[in-house]
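This is the structure I have questions about; it appears just below.
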Amino acid sequence: MPDFWRNSGFHLLERDAAGRLRVTDDFLRAYYLRPEIHPVEESGPAERALHASLMAQPRLEVSKEQILKIEDRDVQDSYRILLRFRDRLLDAGTVEGAYMALFKGAIDVPPMFVDQLTHVILRNVLDGTEDALRARAAELFWREQKATIRDGHVLLADLETVEMHASGNRYGSVGRLIVEAQGELGAAELDVLERANAGLYWSRESKHDTVVSLTYGRPALDAFARVIELWVAHFLGLQVKVKPIRQIEEARWAWHVGLDAESSAILNELWAGKQVDAGRMRNILALFALQFDEPAAMRADLAGRAVYLALSAEDGVVRMKPQNLLLNLPLNEA
């Protein structure tokens with residue numbers, strides 16, 4: 001069984017009886033070792049003392065006065081942000097609980113921390129999988145992707161990796177394909193994951209240097225749909241079926257969920273009967289129909305109807321909001 005995403009922190013956590021990730025002292029210590037917090041050569045005695053105390057007692061309550069004693073004001077701010085986030089984790093007890101609580105009000109933690117929670121939760125969700133395409137498709141949930149449409153194919157590459165190797169010199173054929181949109185899909189030297197070569201992913205997953213095709217009919221699109229099903233089941237305890245579709249056939253559909261801000265805006269406008277210009281419509285990369293296994297889990301007036309999902313790129317970048325799947329489905333409140 002592949003062991004993957006070691007950098008998620010999954011190995012530092014424990015599961016509770018419900019399969020959720022219980023916050024542990026070692027998981028908290030990993031945050032205290034972050035470069036924004038870990039003392040450096042210039043750190044003063046108060047900063048060093050506080051850090052040592054937290055490493056020894058990760059749940060230690062820290063007063064405002066202790067933070068004000070830290071010699072560097074920037075480090076003071078870093079501690080305030082991190083300890084606020086830590087307290088959210090401790091209040092919730094589980095990583096999943098903290099993740100859901102983040103969206104009940106104004107989000108007061110850095111987006112990076114939200115992405116880290118998404119990362120480790122998905123590692124929990126996918127634990128035991130042998131499907132490399134699911135693991136790669138799941139990266140869309142927390143890592144921005146550069147989208148390129150070439151000869152009708154929708155190709156996604158990790159945005160950070162593309163930007164790091166924008167010249168293509170160290171990134172090889174993938175860099176040239178994504179950055180310059182040159183090359184043919186399926187050429188032997190391109191690292192586009194398909195069923196036949198998906199095993200490449202396991203030895204390179206931490207490099208984020210593989211490409212997936214979300215073109216209709218491609219296996220990575222189906223893998224992405226399966227991850228959505230697992231995500232919903234893990235948080236909501238509901239079984240759903242997600243099917244990639246070419247277009248929405250219903251003239252007046254019942255419900256939709258955008259998987260990102262651009263998709264939400266486009267679907268809202270279409271549902272309201274507004275015209276969306278063709279250029280903007282091309283931002284939509286993939287469409288899905290979601291069906292609940294138990295229609296009674298839906299709002300009574302929508303029971304049995306399909307929920308349509310869309311994934312889009314804005315300015316060529318996919319910025320998925322996986323929380324939309326948990327907050328915006330038409331659930332029966334009972």
Side-chain angles (χ1 to χ4, degrees), residues 3-16 19-127 138-139 141-144 158 160 205-208 234-235 321-323:
D3 183 19
F4 60 104
W5 298 355
R6 288 281 297 177
N7 58 351
S8 69
F10 175 72
H11 62 290
L12 301 175
L13 292 157
E14 302 166 351
R15 284 199 185 96
D16 65 13
R20 304 292 175 90
L21 295 171
R22 186 184 295 115
V23 178
T24 64
D25 285 356
D26 282 343
F27 187 69
L28 297 177
R29 287 187 181 99
Y31 280 96
Y32 303 144
L33 294 174
R34 288 190 57 83
E36 303 91 342
I37 295 295
H38 194 285
V40 294
E41 188 177 345
E42 298 80 14
S43 298
E47 179 185 339
R48 291 179 181 278
L50 177 56
H51 187 266
S53 296
L54 285 168
M55 289 298 290
Q57 300 179 63
R59 299 164 194 256
L60 181 71
E61 189 169 336
V62 179
S63 68
K64 293 180 180 179
E65 290 73 25
Q66 284 175 285
I67 292 177
L68 286 171
K69 287 179 182 178
I70 295 173
E71 295 80 1
D72 187 311
R73 288 191 177 183
D74 289 339
V75 177
Q76 289 181 16
D77 289 338
S78 294
Y79 266 98
R80 291 187 187 98
I81 292 167
L82 179 58
L83 291 172
R84 183 168 61 230
F85 176 66
R86 180 204 67 172
D87 291 345
R88 280 182 168 275
L89 287 170
L90 293 177
D91 288 345
T94 65
V95 174
E96 288 88 346
Y99 180 86
M100 288 295 285
L102 285 175
F103 305 106
K104 293 181 178 177
I107 300 178
D108 59 358
V109 301
M112 173 181 62
F113 286 175
V114 182
D115 292 339
Q116 287 171 348
L117 294 187
T118 308
H119 186 187
V120 73
I121 293 167
L122 279 164
R123 178 60 182 81
N124 188 29
V125 168
L126 293 174
D127 191 38
E139 291 185 20
F141 280 60
W142 89 94
R143 291 187 68 88
E144 295 179 349
D158 188 84
E160 184 180 11
E205 43 86 14
S206 63
K207 297 180 180 178
H208 304 292
H234 184 71
F235 275 98
K321 295 181 177 294
Q323 67 269 23

* Asked: Please, which pairs that meet side-chain hydrogen bond (donor to acceptor under 3.5 Å, both in side chains) have at least one residue in residues 45-54, sequence neighbours excluded?
  ->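 side-chain hydrogen bond (donor to acceptor under 3.5 Å, both in side chains) check on residues 45-54 returns Ser43-Glu47.
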
- Item | Sequence-distant partners of Glu205, side chain to side chain donor-acceptor pair (under 3.5 Å), two or more places apart |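 Glu205 satisfies side chain to side chain donor-acceptor pair (under 3.5 Å) with no other residue.
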
Go through it in stages, so that I can follow the logic: the residues are Phe103 and Val114, the test is side-chain contact (heavy atoms from CB on, under 4.5 Å), and I'd like the CA-CA distance, side-chain angles, deciding distance and then a yes or no. CA-CA 10 Å; Phe103 305 106; Val114 182; 4.0 Å; yes

- Any ring-ring contact (aromatic ring centres under 6.0 Å, His included) pairs touching residues 55-78, not counting sequence neighbours?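 The answer is none; no pair qualifies.
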
Test log, rule side-chain contact (heavy atoms from CB on, under 4.5 Å), inputs Leu28 and Leu90
CA-CA 10 Å; Leu28 297 177; Leu90 293 177; 3.9 Å; yes

- Just grab all the ring-ring contact (aromatic ring centres under 6.0 Å, His included) pairs involving residues 67-93, residues at least two apart or on different chains.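 Output for this query lists Tyr31-Phe85, Phe85-Phe113.
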
- request: Output all residues satisfying side-chain contact (heavy atoms from CB on, under 4.5 Å) with Ala98, sequence neighbours left out; order by chain, then residue number.
  value: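 Once residues adjacent in sequence are excluded, the partners of Ala98 under the side-chain contact (heavy atoms from CB on, under 4.5 Å) criterion are Leu89, Ala92.
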
Got a sec, which residues hit side-chain contact (heavy atoms from CB on, under 4.5 Å) with Ser63, two or more places apart in sequence or on another chain?
->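 Partners of Ser63 under the side-chain contact (heavy atoms from CB on, under 4.5 Å) test: Glu65, Gln66.
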
request  = Show the numbers, then the answer: is there a salt bridge (charged side-chain N to carboxylate O under 4.0 Å, His left out) between Arg29 and Asp26?
outcome  = CA-CA 5 Å; Arg29 287 187 181 99; Asp26 282 343; 2.9 Å; yes

| request: Could you list the residues that satisfy side-chain contact (heavy atoms from CB on, under 4.5 Å) with Glu144, not counting sequence neighbours? | output: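 Expected list: Leu159, Val317, Arg319.
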
(Q) Would you compute the distance between atom CD1 of Ile37 and atom CG of Leu54 and round it to the nearest 0.5 angstrom? (A)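 One gets 8.5 Å once the value is rounded to the nearest 0.5 Å.
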
Please report the interatomic distance OG1(Thr118) to CZ(Phe141), rounded to the nearest 0.5 Å.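 It is 9.5 Å, given to the nearest 0.5 Å.
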
Between CG on residue Leu82 and CG on residue Asp87, distance to nearest 0.5 Å |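 These two atoms lie 9.5 Å from each other.
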
field: Considering all heavy atoms, the nearest Asp74-Asp72 contact
entry: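 Asp74 and Asp72 have their closest heavy atoms at N-OD1, 2.8 Å.
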
Margin query: I'd like to check the side chain to side chain donor-acceptor pair (under 3.5 Å) partners of Thr24; sequence neighbours left out, ordered by chain and number.
Written below: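 Applying side chain to side chain donor-acceptor pair (under 3.5 Å) to Thr24 gives none.
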
- Message: I need the Asp25 CG to Met55 CE distance, nearest 0.5 Å.
- Response: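 Between atom CG of Asp25 and atom CE of Met55 there are 10.5 Å.
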
query = Taking the side chain as C-beta and beyond, is there a heavy-atom pair between Leu122 and Trp5 under 4.5 Å?
reply =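 Yes, side chains in contact.
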
Value rounded to 0.5 Å, distance of CH2 in Trp142 from CD1 in Ile121:
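Separation between the atoms: 11.5 Å.
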
Side chain to side chain, Leu68 and Gln76, heavy atoms closer than 4.5 Å: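 They are in contact (side-chain heavy atoms under 4.5 Å apart), so the answer is yes.
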
Query raised in the report: With Glu36, which residues qualify under side-chain contact (heavy atoms from CB on, under 4.5 Å), at least two apart?
Result: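 Partners of Glu36 under the side-chain contact (heavy atoms from CB on, under 4.5 Å) test: Arg34, Ser78, Met112.
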
I'd like to check the side chain to side chain donor-acceptor pair (under 3.5 Å) partners of Glu71; sequence neighbours left out, ordered by chain and number.
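Applying side chain to side chain donor-acceptor pair (under 3.5 Å) to Glu71 gives none.
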
Quick check: does any side chain N or O of Arg123 sit under 3.5 Å from a backbone N or O of Asn7, one acting as donor and the other as acceptor?
->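 No; judged by distance alone, with no hydrogens or angles, the pair does not exist.
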
- Measure the CG-CD1 distance between Asp108 and Ile81 for me, rounded to the nearest 0.5 Å.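 Taking CG in Asp108 and CD1 in Ile81, the distance rounds to 10.0 Å.
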
Evaluate the side-chain contact (heavy atoms from CB on, under 4.5 Å) criterion for residues Leu21 and Arg15: first the C-alpha distance (whole Å), next the side-chain angles of each, then the deciding distance (0.1 Å), finally the verdict. CA-CA 5 Å; Leu21 295 171; Arg15 284 199 185 96; 4.2 Å; yes

(request) Scan for side-chain hydrogen bond (donor to acceptor under 3.5 Å, both in side chains) pairs involving residues 94-105, sequence neighbours excluded, and state none if there are none. (result)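 Qualifying pairs, neighbours excluded: Glu96-Asn124, Glu96-His234.
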
- Going through the checks in order, is the salt bridge (charged side-chain N to carboxylate O under 4.0 Å, His left out) test met by Arg143 and Asp115? CA-CA 8 Å; Arg143 291 187 68 88; Asp115 292 339; over 6 Å; no

Side chain to side chain donor-acceptor pair (under 3.5 Å) partners for Arg6, two or more places apart =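 Partners of Arg6 under the side chain to side chain donor-acceptor pair (under 3.5 Å) test: none.
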
Please walk me through it: do Asp77 and Arg80 pass salt bridge (charged side-chain N to carboxylate O under 4.0 Å, His left out)?
CA-CA 5 Å; Asp77 289 338; Arg80 291 187 187 98; 2.8 Å; yes

Distance-only, no hydrogens or angles: does the Arg86 side chain make a donor-acceptor pair with backbone N or O of Pro58 under 3.5 Å?
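Present.
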
* If you look at every heavy atom in Leu13 and Val23, which pair is closest and at what distance? ->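 Nearest heavy atoms, Leu13 then Val23: CD2-CA, 4.0 Å.
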
Task: Worked check of side-chain contact (heavy atoms from CB on, under 4.5 Å) between Phe235 and Gln323 - done: CA-CA 10 Å; Phe235 275 98; Gln323 67 269 23; over 6 Å; no

